[in-house]
K.L.:
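Take this structure first; my questions come after.
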Amino acid sequence: MKNWKTLYEVKGPKSLLEMTAVELKALIDDGADTVVLSFGAIENHGGHLPMGADWFQANILIRCVHEQLTAMGHKSVPGFSVPFGVQTNQFEREGANLFGNVPVSERTFIDMTEDLCLSLSKHGFKRFVLCINHSENHAALHVAAKDLAVRFGLKCVVCDWVPPMNDFWPKVCKNAEHQGHGGEDETSCVMAAVPGLVHLEGCKPYYEEDDGKPVKMGGLHYYGGAVGIYVPVKEDKSPGYIGNPADATVEVGEKCYEAYAKWIAQVADKYLYND
């Protein structure tokens with residue numbers, strides 16, 4: 001081990017995984033009854049990003065949300081990011097671009113989420129901020145959160161920051177075109193989290209051709225909440241990403257985390273603290 005090199009560093013306020021049980025209990029006894037979780041996936045992100053890209057981003061996001069909640073006067077704990085998510089929707093990527101994916105079924109994801117939240121509730125957490133760092137987790141996470149609320153009385157909000165950021169990205173990214181999976185904005189966020197695991201050599205821009213059939217889906221061409229597509233509708237010709245990851249910067253990644261966390265904290269402030 002003494003000859004191992006450092007692959008990445010962990011910075012920021014401690015998450016639950018980095019605390020001792022004594023530290024965690026002290027926070028809960030002091031009134032920190034809100035826990036922030038985020039759900040990612042082990043997923044192919046092309047040749048420039050690690051398989052755990054969603055998880056690495058989630059690790060940063062939960063800390064940023066915690067800081068935003070603290071600034072609003074709400075006591076919280078950055079819980080943990082969950083690396084297990086459901087399969088990539090094959091209408092977007094298929095074949096070789098699914099290589100390496102380690103998904104769980106929707107049913108397993110729902111059960112896992114409920115078990116995690118119920119376990120945390122036994123230690124004193126009453127409010128749950130459930131963030132999405134893998135868009136395909138959207139539907140299953142909503143089912144789990146509603147079940148936790150209806151059957152067990154837990155206060156939950158599910159925060160999918162992708163749709164509300166659709167008008168934000170063109171303001172900070174170099175490319176005004178939509179940056180999809182592994183594009184400029186996501187690559188920037190991974191760079192801000194684990195710069196040593198990002199490899200931009202040889203990355204070229206890739207954008208899908210317009211099929212001439214525009215459909216409004218809540219301001220985003222997928223995962224806007226209005227339409228769910230669960231069929232392989234086209235051949236995947238992408239290099240595993242959409243957009244231009246070569247233009248990614250740490251600065252843009254930091255701005256993205258700040259915007260995502262601020263919006264999530266606003267959602268939690270509005271709905272979790274109205275008692």
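Here the structure is a predicted model, which is why all the values come from computation and not from measurement.
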K.L.:
Looking only at non-hydrogen atoms, find the nearest pair between V35 and G79 and report the distance.
P.N.:
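For V35 versus G79, the nearest heavy atoms are CG2-CA, 3.7 Å.
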K.L.:
List for me each residue that meets ring pair (Phe, Tyr, Trp, His ring centres under 6.0 Å) alongside F168, sequence neighbours excluded, and say none if there are none.
P.N.:
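By the ring pair (Phe, Tyr, Trp, His ring centres under 6.0 Å) rule, F168 matches no residue at all.
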K.L.:
Determine, stepwise, if the pair Q179 / N244 fulfils side-chain hydrogen bond (donor to acceptor under 3.5 Å, both in side chains).
P.N.:
CA-CA 7 Å; Q179 300 292 298; N244 192 358; over 6 Å; no
K.L.:
Looking only at heavy atoms, which two atoms of V190 and P50 are closest? And how far apart?
P.N.:
CG1-CD, 4.0 Å
K.L.:
Counting N and O atoms only, with roles assigned by atom type, does the side chain of S188 sit under 3.5 Å from a partner on the main chain of T249, one being a donor and the other an acceptor?
P.N.:
yes
K.L.:
Taking the side chain as every heavy atom from C-beta outward, state whether H66 and V77 have any pair of such atoms under 4.5 Å apart.
P.N.:
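No, their side chains stay 4.5 Å or more apart.
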K.L.:
Members other than Y207 in its cluster, when Ile, Leu, Val, Met, Phe, Trp, Tyr link by side-chain heavy atoms under 4.5 Å?
P.N.:
none
K.L.:
Is V65 close to P78 at the side-chain level, that is, under 4.5 Å between some pair of heavy atoms?
P.N.:
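SC-SC contact between P78 and V65 ruled out.
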K.L.:
Once you round to the nearest 0.5 Å, how far does CG of N59 lie from CD1 of I62?
P.N.:
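The CG atom of N59 sits 5.5 Å away from the CD1 atom of I62.
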K.L.:
Output, in order, the C-alpha distance, side-chain angles, deciding distance and verdict of side chain to side chain contact (heavy atoms under 4.5 Å, CB included) for M112 and V82.
P.N.:
CA-CA 10 Å; M112 172 188 70; V82 180; 3.8 Å; yes
K.L.:
Let's go through H48 and Y241 carefully: what are the C-alpha distance in whole Å and the side-chain angles of both, what is the deciding distance for ring-ring contact (aromatic ring centres under 6.0 Å, His included) to 0.1 Å, and is it a yes or a no?
P.N.:
CA-CA 9 Å; H48 64 298; Y241 59 84; 5.0 Å; yes
K.L.:
What closest approach, in Å, do M72 and D269 show between heavy atoms, and which atom pair accounts for it?
P.N.:
SD-CB, 3.7 Å
K.L.:
If two hydrophobic side chains count as joined below 4.5 Å and joins carry through other members, does I132 share a cluster with I264?
P.N.:
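Unlinked, I132 and I264 end up in two clusters.
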K.L.:
To the nearest 0.5 Å, how far apart are SG in C256 and CG in L61?
P.N.:
11.0 Å
K.L.:
Enumerate, atom names and distances included, each donor-acceptor pair closer than 3.5 Å involving a side-chain atom of residues 117-126, sequence neighbours excluded.
P.N.:
residue, atom, partner, partner atom, Å
S119, OG, D115, O, 2.9
S121, OG, L118, O, 2.6

K.L.:
Which heavy-atom pair separates H181 from G240 by the least distance, and what is that distance?
P.N.:
CD2-O, 3.2 Å
K.L.:
What pairs with K25 under salt bridge (charged side-chain N to carboxylate O under 4.0 Å, His left out), at least two apart in sequence or on another chain?
P.N.:
D29
K.L.:
Could you list the residues that satisfy side-chain contact (heavy atoms from CB on, under 4.5 Å) with E114, not counting sequence neighbours?
P.N.:
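By the side-chain contact (heavy atoms from CB on, under 4.5 Å) rule, E114 matches I110, A144, D147, L148, R151, F152.
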K.L.:
Is the centre of the F39 ring less than 6.0 Å from the centre of the H134 ring?
P.N.:
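No, ring centres 6.0 Å or more apart.
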K.L.:
Please give me the minimum heavy-atom distance between G182 and E186, naming the atom from each residue.
P.N.:
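Shortest heavy-atom contact: N-OE1, 2.7 Å.
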K.L.:
Any luck finding a side-chain donor-acceptor pair between N175 and E184 under 3.5 Å?
P.N.:
yes
K.L.:
Using atom types as modelled and distance alone, determine if a side-chain donor or acceptor of N137 lies under 3.5 Å from a backbone N or O of G40.
P.N.:
yes
K.L.:
Please identify each residue that fulfils side-chain contact (heavy atoms from CB on, under 4.5 Å) with A139, with sequence neighbours left out.
P.N.:
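Testing A139 for side-chain contact (heavy atoms from CB on, under 4.5 Å), a comparison that skips the adjacent residues, returns none.
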K.L.:
May I have the step-by-step check of side chain to side chain contact (heavy atoms under 4.5 Å, CB included) for N44 and L98, ending in yes or no?
P.N.:
CA-CA 6 Å; N44 187 320; L98 298 181; over 6 Å; no
K.L.:
Just say parallel, tilted or perpendicular for the rings of Y257 and Y260, cut-offs at 30° and 60°.
P.N.:
perpendicular
K.L.:
Calculate, to the nearest 0.5 Å, the distance between atoms CZ and CG belonging to F80 and L37 respectively.
P.N.:
5.0 Å
K.L.:
Applying salt bridge (charged side-chain N to carboxylate O under 4.0 Å, His left out), name anything that partners K146, two or more places apart in sequence or on another chain.
P.N.:
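Expected list: none.
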K.L.:
Quick one: which residue pairs count as a salt bridge (charged side-chain N to carboxylate O under 4.0 Å, His left out) with a foot in residues 164-177, not counting sequence neighbours?
P.N.:
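Listed once each, the pairs are K174-D247.
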K.L.:
Enumerate the residue pairs fulfilling salt bridge (charged side-chain N to carboxylate O under 4.0 Å, His left out) with a member in residues 46-63, sequence neighbours excluded, ordered by first and then second residue.
P.N.:
E18-R63
K.L.:
From L69 CG over to L272 CG, what is the distance, rounded to the nearest 0.5 angstrom?
P.N.:
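It is 8.5 Å, given to the nearest 0.5 Å.
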K.L.:
Nearest 0.5 Å, please: how far is CG in N133 from OG in S38?
P.N.:
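That separation rounds to 3.5 Å.
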K.L.:
Out of curiosity, does Y273 fall in the hydrophobic cluster containing L154 (side-chain heavy atoms, cut-off under 4.5 Å, transitive links)?
P.N.:
no
K.L.:
Judged by modelled atom types alone, do E136 and Q87 share a side-chain donor-acceptor pair under 3.5 Å?
P.N.:
no
K.L.:
Counting only heavy atoms from other residues, nucleotides and ligands, does the tally under 6.0 Å from OH of Y271 exceed 12?
P.N.:
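Count not over threshold, so no.
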K.L.:
Test side-chain hydrogen bond (donor to acceptor under 3.5 Å, both in side chains) on T88 and N101 and set out the steps.
P.N.:
CA-CA 8 Å; T88 300; N101 286 15; 3.1 Å; yes
K.L.:
Starting from L7, can I reach M191 by hopping between I/L/V/M/F/W/Y residues whose side chains sit under 4.5 Å apart?
P.N.:
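Yes: a chain of side-chain contacts under 4.5 Å links M191 to L7.
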K.L.:
Side chain of E23, backbone of T20: donor and acceptor closer than 3.5 Å?
P.N.:
yes
K.L.:
Using only atom types and a distance under 3.5 Å, with no angle test, would you say the side chain of W263 pairs donor to acceptor with the backbone of P164?
P.N.:
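Judged by distance alone, no pair lies under 3.5 Å.
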K.L.:
For S135 versus V162, what's the shortest heavy-atom pair and its separation?
P.N.:
OG-CG2, 3.9 Å
K.L.:
Only counting residues at least two apart or in another chain, list the ones meeting side chain to side chain donor-acceptor pair (under 3.5 Å) with S105.
P.N.:
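Counting only residues at least two positions away or on another chain, S105 forms a side chain to side chain donor-acceptor pair (under 3.5 Å) with T108.
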K.L.:
S238 and E208: side-chain hydrogen bond (donor to acceptor under 3.5 Å, both in side chains), yes or no, with the steps?
P.N.:
CA-CA 8 Å; S238 77; E208 296 178 332; over 6 Å; no
K.L.:
For R127, enumerate each residue passing the salt bridge (charged side-chain N to carboxylate O under 4.0 Å, His left out) test, keeping only those at least two apart in sequence or located in another chain.
P.N.:
D33, D275
K.L.:
What pairs meet the salt bridge (charged side-chain N to carboxylate O under 4.0 Å, His left out) rule with one or both residues in residues 248-263, with sequence neighbours excluded?
P.N.:
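Residue pairs passing salt bridge (charged side-chain N to carboxylate O under 4.0 Å, His left out), neighbours aside: E251-K255.
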K.L.:
Given T34 and H74, is the side-chain hydrogen bond (donor to acceptor under 3.5 Å, both in side chains) satisfied, shown in steps?
P.N.:
CA-CA 8 Å; T34 301; H74 302 307; over 6 Å; no
K.L.:
Check step by step if side chain to side chain contact (heavy atoms under 4.5 Å, CB included) holds for V102 and F84.
P.N.:
CA-CA 8 Å; V102 187; F84 306 113; 5.6 Å; no
K.L.:
I need the E43 CD to M51 CE distance, nearest 0.5 Å.
P.N.:
8.0 Å
